[in-house]
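First up is the structure itself, then whatever we jot down about it.
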Amino acid sequence: MRVRLWIFIGLPAAVTIASHLFPGSPLLAIIQDGHGIASVPILFAAMMMVSWLAFRTAYSGFALGRGIFTAGHSPETIRKAISRSRVSDQERFQLIRNLRQKLKILQEKEAELEMLKKVLSHIDEAVVITNAQGTICSVNPAFCAITGFGENEILGQNMRLLKSGRHDPAFYADMWQTLLAKGLWTGNIWNQRKNGDVYPQWTVIKAIRNGGGSIRNFVGILSDLTDIRETEQQIEFIAHYDPLTELPNRILFKDRLNQALAQSKRHKQWVGVLWLGLDRFQQVNANGGRFLGDQVLKALALRLKNEMREEDTVARMGGDEFAILITHVDDLAPLGQTAEKVLTLVGRTLQFGDHSLHFSASIGITTFPMDPSDDAETMLKHAETAMKQAKDRGGNAFKFYSQQMGEVAMQRWNIEKGLKKALERKEFFLLYQPQFCVRTGALTGVEALVRWRSPQFGLVAPGQFISLAEESGLIVPLGEWILGEACIQNKLWQDAGYPPIHVAVNVSPRQFQSSNLEDHVEKVLQSTKLDPCWLELEITESLFMDDQDRVMGILNRWRERNLMLAIDDFGTGYSSLSYLRNYPVHALKIDRSFITDIAHDDNSAAIVNAILSVARSLKLKVVAEGVASTQQLEFLRQSGCDKVQGFLFSPPVTADEITRIMEEGRLITTRTSSLPPIS
Ligand code: C2E
Ligand code: MG
Ligand code: MG
């Protein structure tokens, strides 16, 4: 203010006074010329004007320059700077101060942003910013390192690019719902890197809203959990696996045994435990050193692991002892077989450089449900005890824990051995059980049932050997023989002029696994020239659990050949109405267990009635098997059952006896005492 006072008043006054003090000065002479004293106010006024103009020009230039250089060169700020130069000095200075403050704030923010950028580029977590549609706007270097995408490749892409396909649409729908509702989502996602690797990722997504409240951006912070998973897996491995052999250790074995026992109780399957101790292993350590001992254990462990079924668990229980958990068996025989196989495996020569080493083992076996105990710890003790007994008897042998277990096992064992030779020794023969029409009482067919006349065990019923034959695969050649035999017999009856009846043959699910079942059926039909409509194949519901497409294909082709198909033991398996609708079967055979109880158990009667009514609506015939009393027959007659089979009419008998029934034209009748015993 003071400066301006001097400029506007002081300067013109000084010039005016000077013009009078120094009258010779050329400038003053021009102004004064001809005006005398009157020129003083004129000169003063003129000087004030000149000062004013000079000041305005200089100041505007100064303000404009400042405006340009301080306000960041935008046209708006230049315009403001110019206009500011027109407002009062007070306001002008105030505005400049504000501008400076804003500039300072901006500079601080810029520095802050720069720092944030640096922080983001140094952290291990991937950070990604997307717009509201999920299009990627910004990523940090960690994001590129984790996903494998370069920054230029990923910007502008949608986050969908990282989807691994491991989550279903419901997972993402849920995520979006949470994000929109709460503005935050955290969780584990399996994403996919550029190279296709799928990896686990801990994810935090935050929604950023604008002033109006709608979502502007999403910020995601993603941590790659691959390393953590691997560490967890390593810890888990150390806790549950033996570091030398990499086999499960005792803890894991016990855990699996407990699980198997729980399953076994539910599904009525057997669980076997084999405890294996190497014979005289200490000598290896004593003579060859610990290193050699370790190599032997590793080699044997590998052998056991490679040779056992995938569903079995081989574990190292400590020192020179191993255990094998065997599931999915329903008999003792497979356990004995496995023990024998293990003894052979251990007995094979081990080669270490020039040294050939030979070992043997002792094995103790126990099994649920035959073991008196059903807890893992006790069962393990029992198996170990049996192993020690086998060892005390000289080793290189296996022993069952209890005497009874051993006896049953040995008998099964011997039966299996005998079975292998029975087919070539022609020890099998067929019996036929007649089936009658409930309405007319006429004989409509027979079911072929196999028997084994063993020189060692006498007459053996199928219940004792069919499952063994299935396990060993013998059922395939045996089944082929049964089918051929039954068809030949039926054709003989037809050729002898008896009214045609059908012959029913049981086909085990195991036979369907063989590739030539269909061919064999065809071959038999052609060689015997039996019309397929007189052959009925009895299948079980468990078959539908197997390779469904393949089974369906075979059954459909048989149906096209006009073969008859019946579901045996209906009601005891996975009875499902969808099977009945989808599979081309003609008849259902109600299981004996329901028929036995129909006269005095309401539930059984209700089940039989339900089966009959379903069958009626699906146009299937129903055979009741195991009919043993007239009350049962009466019930079935009233319920509309089609055919009956059972001891009330006849047990399974020889072909000659069936011929006699046909000759007599015997109608449905109760069993006569004249039937000869089977020997
Ligand atoms: P399945 O096919 O259900 O055969 C019916 C079984 O019930 C036969 O036992 C028969 O003797 C018995 N049975 C019939 N009526 C009565 C009755 O009134 N009371 C009693 N208590 N039992 C009756 P079997 O011959 O011992 O056969 C048992 C099972 O062995 C058969 O059941 C079948 O699953 C299987 N089987 C028998 N023969 C063969 C065969 O040739 N091949 C195949 N794969 N399995 C066969
Ligand atoms: Mg049957
Ligand atoms: Mg049956």
Side-chain angles (χ1 to χ4, degrees), residues 419 422-423 427-436 445-453 459-490 502-514 517 520-521 524 535-543 564-573 575 585 587-599 611 622-633 636 643-655 657-658 668 670-671 675 677-678:
L419 259 184
L423 197 58
E427 291 169 4
F428 293 109
F429 66 99
L430 293 186
L431 293 182
Y432 299 90
Q433 188 172 31
Q435 294 175 350
F436 297 94
V446 289
E447 177 176 5
L449 294 158
V450 69
R451 297 290 182 268
W452 176 27
R453 194 182 287 112
L459 189 66
V460 188
Q464 280 177 277
F465 66 84
I466 288 288
S467 61
L468 287 178
E470 284 176 333
E471 273 156 28
S472 62
L474 181 78
I475 193 72
V476 175
L478 177 59
E480 288 180 354
W481 176 82
I482 293 167
L483 182 77
E485 209 49 24
C487 290
I488 291 170
Q489 181 57 61
N490 201 14
H502 72 255
V503 64
V505 175
N506 294 282
V507 185
S508 139
R510 175 71 178 76
Q511 288 174 260
F512 277 82
Q513 287 167 18
S514 131
L517 175 65
H520 186 76
V521 170
V524 167
L535 174 62
E536 182 174 81
L537 297 178
E538 290 190 9
I539 54 177
T540 52
E541 291 162 285
S542 63
L543 183 67
M564 308 297 276
L565 298 170
I567 301 184
D568 201 0
D569 306 335
F570 188 78
T572 55
S575 311
V585 291
L588 304 180
K589 291 190 78 177
I590 306 180
D591 189 64
R592 201 170 71 216
S593 56
F594 301 113
I595 306 299
T596 310
D597 294 338
I598 40 174
I611 295 174
V622 178
V623 185
E625 58 183 6
V627 182
S629 73
T630 45
Q631 291 100 309
Q632 290 165 359
L633 175 62
L636 292 163
K643 294 183 207 172
V644 281
Q645 171 185 346
F647 287 180
L648 180 65
F649 321 106
S650 165
V653 292
T654 58
E657 185 55 34
I658 296 292
I668 200 165
T670 52
R671 186 181 167 187
L675 290 170
I678 289 122

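Order of listing sets the numbers, starting from 1, for every ligand and every atom in it.
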_Pairwise distance NZ(Lys643) to CD1(Ile590) - rounded to 0.5 angstrom_ =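 Spacing of NZ (Lys643) from CD1 (Ile590) equals 13.0 Å.
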*About how many Å separate OG1 of Thr572 and CD1 of Ile567, when rounded to the nearest 0.5 Å?*
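Reported value, rounded in 0.5 Å steps: 10.5 Å.
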_Using side-chain heavy atoms (C-beta onward) and a distance below 4.5 Å, is Ile466 in contact with Val450?_
yes
_Side chains of Pro652 and Arg451, heavy atoms from C-beta outward: is any pair under 4.5 Å?_
yes
*Between Phe465 and Phe428, how do the two ring planes meet: parallel, tilted or perpendicular, split at 30° and 60°?*
tilted
*Which atom names give the shortest non-hydrogen contact between Pro434 and Val446, and what distance separates them?*
CA-CG1, 4.0 Å
*Taking all non-hydrogen atoms of both residues into account, name the closest pair between Ala486 and Tyr432 and its distance.*
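Shortest heavy-atom separation between Ala486 and Tyr432 comes out as CA-OH, 3.8 Å.
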*Out of Gln645, Glu447, Glu625, which residue meets the side-chain hydrogen bond (donor to acceptor under 3.5 Å, both in side chains) rule with Gln433?*
Gln645
_Out of the candidates Val503, Leu430, Val524, only one should pair with Glu485 under the side-chain contact (heavy atoms from CB on, under 4.5 Å) rule; please name it._
Leu430
*What does the list of residues with a heavy atom under 4.0 Å from ligand 1 look like, ordered by chain and number?*
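If the criterion is a heavy atom under 4.0 Å, then ligand 1 touches Gln433, Glu447, Leu449, Val450, Arg451, Pro462, Ile466, Ile482, Asn506, Ser508, Glu538, Asp568, Asp569, Arg592, Glu625, Gly626, Val627, Gly646, Phe647, Pro652.
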*Measuring from the Mg ion (ligand 2), count protein N/O/S atoms under 2.8 Å, please.*
4
